[in-house]
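Only this structure's heavy atoms are used, side chains among them; waters, hydrogens and symmetry mates stay out. We name chains A, B, ... by the order of the sequence lines, and we start the count at 1 in each one. Quick caveat: nothing in here was measured; it's all calculated off a predicted structure.
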Amino acid sequence: MNTGRRVRTRFAPSPTGPLHMGGVRTALFNYLFAKKHGGDFLLRIEDTDQTRYVPGAEEYIIEALNWCGIHIDEGVSAGGPHAPYRQSERKAEGIYLKYAMQLVHDGHAYYAFDTPEELEAMRQRLTAAKVVAPQYNAIVRQSMKNSLTLSEDEVAKRIASGDPYVIRLNVPRNEEIRFEDIIRGWVSVNSAQVDDKVLLKSDGMPTYHLAHIIDDVLMEISHAVRGEEWLPSAPAHILIYRYLGWEEQMPRYAHLPLLLRPDGNGKLSKRDGDRLGFPVFPLNWTDPNTGEQSSGYREKGYYPEAFVNMLALLGWNPGTNQELFSMDELIQAFSFERVSKSGAKFDPEKTRWFNQQYLRKHSLHELALEFDKVLKSKNINRSQQFVERFCELIREKAHFVNEFWELGSYFFEIPGTYDSKVIEKKWNLTSSAAMNKLHAVFNQADSWDMSGINQMIAVVETGGDKVDKQLLRVLITGVSSGASLVEMMELLGKEDVVTRIEKALKALPEIK
RNA sequence: GGCCCGUUCGUCUAGGGGUCUAGGACAUCUCCCUUUCACGGAGGAAACACGGGUUCGAUUCCCGUACGGGCUACCA
């Protein structure tokens, strides 16, 4: 079974909306595995359900992968020797019909003419009869309208007259189907549990079951990596490979554990949106039909590296204590052997932690560049040196660059109000005397650096006036906590500090 | 309901029969650093779902039960 061939993986989403983080992780694992083995990562768009097509979804998917640093070697947006990579376009070329007909010809598939009403009636009948698994299968099909029960003439007549029909897989009644999943090992299912899946719909479109198999083989996919929700239908897929005579070309399957909702039950779904208090999408998304907006990690201020790092560690681990991985390190370390079998709830708190880690990894130059956008929007102009030093002082308190302003706006604006709690408690005759003296000493300073500032404070204190640091902080910044006091004062500079204290001394209430 | 998959601290996980008094990370708590906040440092609390086997010995292997998840469409 395809050992030793070039590793080629694919991510094959259907464009029914934005990609959620579970989808991103599936893409990531496909990508990591392909790159680890020097292979190719393809993007195929599975748009065979015309009723669920959402405009903009495909562009969203591509942009999201791009933001994450997951590069597409081949496929939609990248092109390649197996184009087209959109299934609707492949259908137009008659690719799927050909193989569906081959299956019918070989007796492995058949025409079925049952109407939706008839199918529904059948299910109700079976349910009423307490049949354990009501589905279109080897027994049920004998009483339905299909090319196995109808005469050849009747079938030909119906097709000729344009009766709608589907093509279904002819699943054997009782046969053990086994396949080896890379993550789960041998999985065994009796064909009695597998229904006669629709392969070709009445609109001529293939279903996922048929289309992905044909495309995987035609596109020379070596490993099909997908979510665990596909595990139950995998036996049907094995059958299709067999009936098409493609057991040699069949990719190895790897079914990934699902991403679960952090708040309790069920797999994470697109519908979770922002309801849980954190994004489930990589990028912002506005639904073109409902106008409903969903937030994304990018717009929330997460670094793609942090997002990817977090995702990689959900269901996979390196077997060491390392937690911070660049994409290259992930590629180096990745293997399916270390992918766990059970679903993972993800933790928004840890995601924040990852971002904090990356925030600290970025150079001051990079941070200053990012924060400069905020300053520009506020028409504030400061030297690069000032902004970089600011970032250095403020970043240890933040998880995101977009918190910098709230955390340290006082570096750029002279305060207009003063923390009332501190003032109430500490603003009195003695403290104001000390502040006045300090102001005078600062005003006469001829040099301005940390040790100088400390010395000046010491001078005032030796004179008998206790300098309350918290009060001083409030006079300068207006708030009771923030960056290291003396370092902050140094950065602000003598003029600014003196001005601020002066203003505060005037603005503060008369002393009782 | 049926079928399939799974089950180690609250969460992500390490662990493939003795080294487990079960390790790491996030979160949480305490202390130190800092007359602030945070960072950092030190420490604490916190888990092998249950019952049977197999074995000299099971967190590790097998079976059952419970629980969780997935699937059960002319959706993917």
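For A/K300 and A/Y297, the positive end is not near the middle of the six-membered ring at less than 6.0 Å and at most 45° from its axis. In this structure, A/R168 satisfies the cation-pi test against A/Y136, with its NZ or CZ atom closer than 6.0 Å to the six-membered ring centre and inside 45 degrees of the ring normal. A cation-pi arrangement is found for A/R25 relative to A/F29, the charged atom lying closer than 6.0 Å to the ring centre and inside a 45° cone about the ring normal.
With rounding to whole Å, A/D195 atom CG is found 15 Å from B/rC4 atom P. Look at OH on A/Y410: it is 14 Å from P on B/rU36, rounded to the nearest Å. With rounding to whole Å, A/E487 atom CD is found 13 Å from B/rA38 atom C1'. B/rC39 atom P lies 16 Å from atom CG of A/L393, rounded to whole Å. A/Y136 has its OH atom 21 Å from the C1' atom of B/rG2, to the nearest Å. The CG-C1' distance, from A/L126 to B/rG1, rounds to 14 Å in whole Å. Computed from coordinates, the A/H209 NE2 to B/rC71 C1' distance equals 10 Å when rounded to whole Å.
Distances shown here put a side-chain N or O of A/T48 below 4.0 Å from the OP1 or OP2 atom of B/rA76. Phosphate contact (OP1/OP2 of B/rG40, side-chain N/O of A/K397, threshold under 4.0 Å): absent. Residue A/K267 places at least one side-chain N or O closer than 4.0 Å to OP1 or OP2 of B/rC71. Contact between the side-chain N/O atoms of A/R184 and the OP1/OP2 oxygens of B/rG6 is not found at any separation under 4.0 Å.
B/rG52 and B/rU60: their P atoms are spaced 14 Å apart (whole Å). Comparing the P positions of B/rU72 and B/rC9 gives a spacing of 30 Å, expressed to the nearest Å. B/rG40 and B/rC4 are spaced 48 Å apart, taking the P atom of each and rounding to whole Å. The separation of B/rG6 from B/rA46, taken at their C1' atoms, amounts to 24 Å, rounded to a whole angstrom. Between the P atoms of B/rC63 and B/rU28, the separation comes to 41 Å (whole Å).
Looking at heavy-atom distances under 4.0 Å, A/V198 makes contact with sugar-phosphate atoms alone, never a base. Using a 4.0 Å heavy-atom distance criterion, A/R395 is classed as making no nucleic acid contact.
A/H237 and A/W230 have tilted rings, their planes meeting at an angle from 30° to 60° on a 0 to 90° scale. By the 30° and 60° cut-offs, the orientation of the rings of A/F412 relative to A/W405 is parallel. Relative orientation of the A/F113 and A/Y111 rings is parallel, given thresholds of 30° and 60° on the angle between their planes.
Remark: the A/S233 side chain and the B/rC71 base include no donor-acceptor N/O pair separated by less than 3.5 Å. Side-chain atoms of A/K466 and base atoms of B/rU35 include a donor and an acceptor less than 3.5 Å apart.
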Item checked: Protein-to-nucleotide contact annotation, 5' to 3' order, nucleotides 7-16 of chain B [B base; S sugar-phosphate only; - none; under 4.0 Å, heavy atom] -> S---SSSSS-
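Toward the 5' end of RNA chain B, the nearer of the two residues A/S202 and A/K426, judged by each one's closest nucleotide, is A/K426.
Across A/R173 and A/N190, no two heavy atoms sit closer than the pair O-OD1, 4.1 Å.
Taking only side-chain atoms of A/V187, from C-beta outward, the nucleotide of B/rC4, B/rG70, B/rC74 with the closest atom is B/rC4.
The shortest side-chain heavy-atom distance between A/V54 and A/P288 falls under the 4.5 Å cut-off.
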